[in-house]
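One structure is given here, and the rest of the page talks about it.
Here is the naming used below: chain letters follow the sequence lines, and residue numbers restart at 1 for every chain.
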There are 2 protein chains.
Amino acid sequence: MTSTAVRSRRDGLSEAATHRLSLLLRVLGGLEAVGVDTISSAGLAERLGGNAAQIRKDLAHLGEFGVRGVGYRVADLKARLGAILGLDRVRVVVIVGAGHLGQALADSKNFNGDSFRVGALFDVDGRKVGGRSRTGIPIRHAEALRESVSELGAEIGVVAVPPENAAGAALSLAQAGVRGILNFAPTVVGPFAGTTVKNVDLTLSLETLAVQLAPAAG
Amino acid sequence: MTSTAVRSRRDGLSEAATHRLSLLLRVLGGLEAVGVDTISSAGLAERLGGNAAQIRKDLAHLGEFGVRGVGYRVADLKARLGAILGLDRVRVVVIVGAGHLGQALADSKNFNGDSFRVGALFDVDGRKVGGRSRTGIPIRHAEALRESVSELGAEIGVVAVPPENAAGAALSLAQAGVRGILNFAPTVVGPFAGTTVKNVDLTLSLETLAVQLAPAAG
DNA sequence: TGCTGTGAAACCGTTCACAGCT
DNA sequence: AGCTGTGAACGGTTTCACAGCA
């Protein structure tokens, strides 16, 4: 029990817990930047808008990070948490679909931050192939997906094509060997053995919001 | 109990239930298009990848829609469900931020389907103001937000600006009178009285996916 | 008979309350 | 004394199992 081997248990993390930990890592970055050394679970809860016990549970589930009577060492927790979550290194992302959405994503800060870098875009449109996005991400032919994925060492693929082509694009990515797929098309894709799929269904987000709108005045 | 007044209870719907019902509506559209008249909860569960009892519970929670021994009438269920969820009419959406992401969203099918129509984009960049997106959505100055929202009857606002301007953009939208905000910036905005906020944090989505990746081979 | 609508049971995630270190 | 780590209580959602109706 006193061993230093934490045996990084990323499994058994609920989606919600993963969200919280990911946001926690952001908060820790902010705290480190302003020179905060130590912080209690209560302090973190305040910044994240949650419950202190939950934060302790989330962290305790991954190992023992805190110091009783003191709290958590910001720099230490950030480093260890980043390592366990696998967010301490840069992963290469490839995007299938060099339309407006695909290019917007390729050039955005979201996809080119501390943990991610877009390696290439793919399309079947000959007029786009060979060109580059505004920030210089090369656009290659979709047929080159497989070799590009291994060449770039891409671990994550993004599906940003029209719904009717989404299933095919996702299959190509899975076969090309990416380990995760972020699907922006409002279509169910997969499942594929060995590849995690996460859907970011913008239509669904809009609809969900619409349903939950405060009732119209009157 | 036999009354026809269903008293459309949109409240008390969990986020998960709202997702399922929204997807259910899509599935019903598909079934109607291929001429299916009647479908059982088991049939729907199969298409949605869930449990039949859950679908019955979701629906029963909103009223009595099925016919015992038969199933659900596709056209009828679609119409009634659409009405209860408020997805049977077109809502106008405005987008703050006419950058690549904002324009991509403005022109996308996701935001211009059966239930939504983008009315205008807003930006502070004088070179963009007065122009139009590729599909012709006008770009107006952010100062014109308030009057545009009432003029267009916009109910939903989208925040597609850099993180540092997100809070301000959201506040402007809330003050302009939209009833819901879809926030694409990785920043907490609001809350605002009378305006529902939903975050679509793309960075968080990527990070969540990365954490849940199947472990690297080796 | 067949399928819905629904009470009861099982399950999971969150919150509480406190024992145990420092 | 202070704060973490954690068993126990709680609340909500999902699943089961079946009564009730066409």
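- Between A:Glu64 atom CD and C:dG20 atom C1' the separation is 11 Å, expressed in whole Å.
- The main-chain N or O of A:Ala53 is found under 3.5 Å from a side-chain atom of A:Asn51 such that the two form a donor-acceptor pair.
- Taking only distance into account, the side chain of A:Lys57 never meets the base of D:dT6 through a donor-acceptor pair shorter than 3.5 Å.
- Comparing D:dC3, D:dA22, D:dT6 by their closest approach to the side chain of A:Ala53 singles out D:dT6.
- The CZ atom of A:Arg56 sits 15 Å away from the P atom of C:dT14 (whole-angstrom rounding).
- At the phosphate of D:dG5, OP1 or OP2 sits under 4.0 Å from a side-chain N or O atom of A:Tyr72.
- One can place NE2 of B:His19 at 14 Å from P of D:dT13, the figure rounded to the nearest angstrom.
- A:Leu62 has its CG atom 15 Å from the C1' atom of D:dT4, to the nearest Å.
- Smallest separation of non-hydrogen atoms from A:Ala160 and A:Gly102: CB-CA, 3.9 Å.
- B:Leu59 places its CG atom 14 Å from the P atom of D:dT14, with the value rounded to the nearest Å.
- Checking A:Gln54 against B:Ser41, the closest nucleotide of DNA chain C that is more toward the 5' end is the one next to B:Ser41.
- Closest-nucleotide positions on DNA chain C for A:Ala17 and B:Ala42 were compared, and the one nearer the 5' end corresponds to B:Ala42.
- Checking each of B:Leu173, B:Leu182, B:Asn165, B:Val189 against B:Val159 for a side chain to side chain contact (heavy atoms under 4.5 Å, CB included) leaves exactly one that passes, namely B:Leu173.
- Nucleotide C:dG20 holds its C1' atom 5 Å from the CZ atom of A:Arg68, rounded to whole Å.
- The side-chain heavy atoms of B:Ile39 and B:Val27, taken from C-beta on, include no pair separated by under 4.5 Å.
- For B:Asn51 and C:dG5, the CG to P distance is 15 Å, given to the nearest whole Å.
- Between the C1' atom of D:dT4 and the CG atom of A:Asp58 lies a distance of 14 Å, rounded to the nearest Å.
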